[in-house]
There are 2 protein chains.
Amino acid sequence: MASRKDVAREAGVSAASVSYYINNNGYVSAEARKRIQEAIEKLNYSPNQIARSLKIKDSKQFVFLCNEIRNPFYAQLVYRATNAAYEKGYFILFSNVIDDDEYLKRICSYQISGLFASNNKIKKENLEAIVKQGIPVVVLRDVAWSDLDQRIMQIKIDYSNIFHEIAVHLEKGGYRNVHYISGAKSGKPDEVDEKTRNYRNAVGRERSGDITYNITDTKEAFQFVADTYSKEDCPDAFVCSNDAVAIGVVKGVTQLGLRIPEDVGVVGFDNTFQSRFCVPGLTSAEISAEKIGDIAISMLIEKSKGQKVEDYQIVPKLIIRESSSRNDL
Amino acid sequence: MASRKDVAREAGVSAASVSYYINNNGYVSAEARKRIQEAIEKLNYSPNQIARSLKIKDSKQFVFLCNEIRNPFYAQLVYRATNAAYEKGYFILFSNVIDDDEYLKRICSYQISGLFASNNKIKKENLEAIVKQGIPVVVLRDVAWSDLDQRIMQIKIDYSNIFHEIAVHLEKGGYRNVHYISGAKSGKPDEVDEKTRNYRNAVGRERSGDITYNITDTKEAFQFVADTYSKEDCPDAFVCSNDAVAIGVVKGVTQLGLRIPEDVGVVGFDNTFQSRFCVPGLTSAEISAEKIGDIAISMLIEKSKGQKVEDYQIVPKLIIRESSSRNDL
DNA sequence: ATGAAAGCGCTAACAC
DNA sequence: GTGTTAGCGCTTTCAT
């Protein structure tokens, strides 16, 4: 591989001039520009990003710590973020969440430009340790942390209205016995995520018993329904914390011999591809993963330029499909 | 951040000794080890990976170029690869495929340790340019390239039997009019992927007309079925090149007012989570994404150690579920 | 067994 | 405008 030195020699200029040319700072005459340009092409030169990173203490890589890439919501998020980052000159260093100190130290030793994390599997202290090093951090807020370090930027989802909207929608459909399936570990105050907290608020205290905790994927949801209910005692509607879970419920309920939406209504969350192409189509609260991917990247970039960055709010939107529309039949 | 120099000073040894200690080469006395260990802990030191990369010309990052992370098959693959890589001391630099020269140059300038690519969106020449630089390359083979550079390692899927197996299975179910939905751009020789080629071989020449090309995701598949067929003239079985496409077909067929599997049988490919939890459960040819993730990482690592690495063969396995099982009813 | 020193490829302050 | 140079944090050869 040709280095900057080779280019300088070939073009008959100094190494510094090549740097100036590449980074478009400093002064370099039209004459020199041309010769450098030619030398670069001739040698098929490409600047060594590692050497550059070492010098400027920034690798132009953003770390994405995602709960679960196998959940299409995160896949869509990462997909978009990757493209958005590339357009701005960055790459994505991808990681499943492995929440130990060793891991975070290792990844930070790449002099990363910033970090995105969905926050329900990573500890607050670890995030704070990173932001303290001056690395921009954005979290997709899920669990509500108290007194989080102010330097951590947040993308917040405003759940204040959506569960009420869902409740009204189900009621109109004549569903009376609604069960919520939560991804939170338990009902304990410090383990409850924002969705669950808002669901509880929306349905009121008296309905808090109608919640099952700690179900996060399709398989678990299917098992839960299959193991817990029979055709006779199944709730007539389920609200699920993500689409993957909802799909599991659809499958489980169908297996019990019940029909959707005639016997049981199902509502998902995230409006991923899955919900659109589930059979029957799944009613789902849309949170745009693409939007979050884009926003996360621009927040990280702005922050790394030293700009002041405000937290970002997203309001979910209910997309109604067949799985909860008994009235249309 | 503390540097190696700080540690050396704190421990009262030379910088070189710290290096020896960290990399576990060279000699360092028990005495010195202890003092270095203490200094590292006291200063919370972590070696700078970028500086190390520059020196050893290897960043311990593998690039994963995936067709489409939003397809759960690739999501599962990347998920597993990420963990496997981490255990061996590597990270994953993730990219959607952006197949231009500029892009590849930029990513290689990170002195990457290796590259994985699924090969149906990236050009052969580009891969060959990379392997020529001495960077280990593994492809998940899909399109059959002729005279590919020998240094490119391949994970091959042996489709020689699976389509025959599927054909027999459908015939047993009484399905007579089978249509294949291909991901290949067209039927042209240099654009046909391995799956399609083998499907053609399995069903014989006379059935080659029963193929639709250039459909790769759920949405396209749904549109295709909805736009092309009516309840009366729909084929009675579809074989699809991946599960995402199969889901779209299920949805499209259902919308035509036909039932699965009674009226129409559907077979997918890849056996992702989607097929397991589709309603009805989707018959699918299993190719273990997890296995491929693991294998890819170990091939890259072995190659980077200078070992001789053989291509890897995977044989798909038909997983039969409800979507093609008319006889069970 | 340990340390001094050169050098990986780049940036940027400074001198001309 | 352009070149010289120091130095980013690390590895490793060679001398001791």
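Chain letters run A, B, ... following the sequence lines, proteins first and then strands; every chain starts at 1. Since the model is a prediction, treat every value here as computed from it, not as a measurement. Values reported hereafter were calculated over all heavy atoms of this structure, with side chains retained and with hydrogens, waters and symmetry mates removed.
- Whole-Å rounding puts the A/Leu43 CG to C/dG9 P distance at 14 Å.
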Show your working on salt bridge (Lys or Arg N to Asp or Glu O under 4.0 Å) between A/Lys34 and A/Glu38 and close with a plain yes or no.
CA-CA 6 Å; A/Lys34 190 161 156 279; A/Glu38 285 167 6; 3.7 Å; yes
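- Using a 4.0 Å cut-off between a side-chain N of Lys or Arg and a carboxylate O of Asp or Glu, B/Lys60 and B/Asp58 qualify as a salt bridge.
- The side chain of B/Lys57 lies closest to C/dC8 when the candidates are D/dG9, D/dT12, C/dC8.
- Proximity of A/Asn48 to the phosphate of C/dC8: no side-chain N or O atom is located under 4.0 Å from OP1 or OP2.
- Protein atom CG of B/Asn23 is 10 Å distant from nucleotide atom P of D/dC10, rounded to whole Å.
- In this structure, A/Glu102 does not pair ionically with A/Arg106, as no charged nitrogen and carboxylate oxygen lie closer than 4.0 Å.
- Regarding A/Arg52, its CZ atom lies at a distance of 9 Å from the C1' atom of C/dC10, rounded to whole Å.
- Protein atom CG of A/Asp6 is 13 Å distant from nucleotide atom C1' of C/dC10, rounded to whole Å.
- Closest heavy-atom contact between B/Ile135 and B/Ser113: CG2-C, 4.5 Å.
- Atom-to-atom, CD1 of A/Ile56 to C1' of D/dC8 comes out at 11 Å; the value is rounded to the nearest Å.
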All N/O donor-acceptor pairs, side-chain side in residues 305-312 of chain A, below 3.5 Å, sequence neighbours left out:
{"from": "A/Asp311", "atom 1": "OD1", "to": "A/Gln154", "atom 2": "N", "distance (Å)": "3.0"}

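- The base of C/dG7 is paired with the side chain of B/Lys55 by a donor and an acceptor separated by under 3.5 Å.
- B/Tyr21 comes within 4.0 angstrom of nothing in the nucleic acid, heavy atoms only.
- Taking 4.0 Å as the cut-off between side-chain N and carboxylate O, A/Lys291 and A/Asp294 do not count as a salt-bridged pair.
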Taking only N/O atoms, report every protein-nucleotides 1-3 of chain C pair under 3.5 Å with atom names and distance.
{"from": "C/dT2", "atom 1": "OP1", "to": "B/Ser29", "atom 2": "OG", "distance (Å)": "2.6"}
{"from": "C/dT2", "atom 1": "OP2", "to": "B/Ser29", "atom 2": "N", "distance (Å)": "2.4"}
{"from": "C/dT2", "atom 1": "OP2", "to": "B/Ser29", "atom 2": "OG", "distance (Å)": "3.4"}
{"from": "C/dG3", "atom 1": "OP2", "to": "B/Ser14", "atom 2": "N", "distance (Å)": "2.7"}
{"from": "C/dG3", "atom 1": "OP2", "to": "B/Ser14", "atom 2": "OG", "distance (Å)": "3.0"}
{"from": "C/dG3", "atom 1": "OP2", "to": "B/Ser17", "atom 2": "OG", "distance (Å)": "2.9"}
{"from": "C/dG3", "atom 1": "O6", "to": "B/Tyr20", "atom 2": "OH", "distance (Å)": "2.7"}

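- Backbone-only contact: A/Ser3 has heavy atoms under 4.0 Å from sugar-phosphate atoms and none from a base.
- What separates CZ of A/Arg9 from P of C/dC10 is a distance of 13 Å, to the nearest Å.
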Listing, residues 85-96 of chain A side-chain donor-acceptor contacts under 3.5 Å, not counting sequence neighbours, or none:
{"from": "A/Ser95", "atom 1": "OG", "to": "A/Tyr103", "atom 2": "OH", "distance (Å)": "2.3"}
{"from": "A/Asn96", "atom 1": "ND2", "to": "B/Tyr79", "atom 2": "O", "distance (Å)": "2.9"}
{"from": "A/Asn96", "atom 1": "ND2", "to": "B/Asn83", "atom 2": "OD1", "distance (Å)": "3.1"}

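- The nearest whole Å value for the distance from the CG atom in A/Leu54 to the P atom in D/dG7 is 14 Å.
- Straight-line distance from the CD1 atom of B/Ile36 to the C1' atom of D/dC10: 15 Å, rounded to whole Å.
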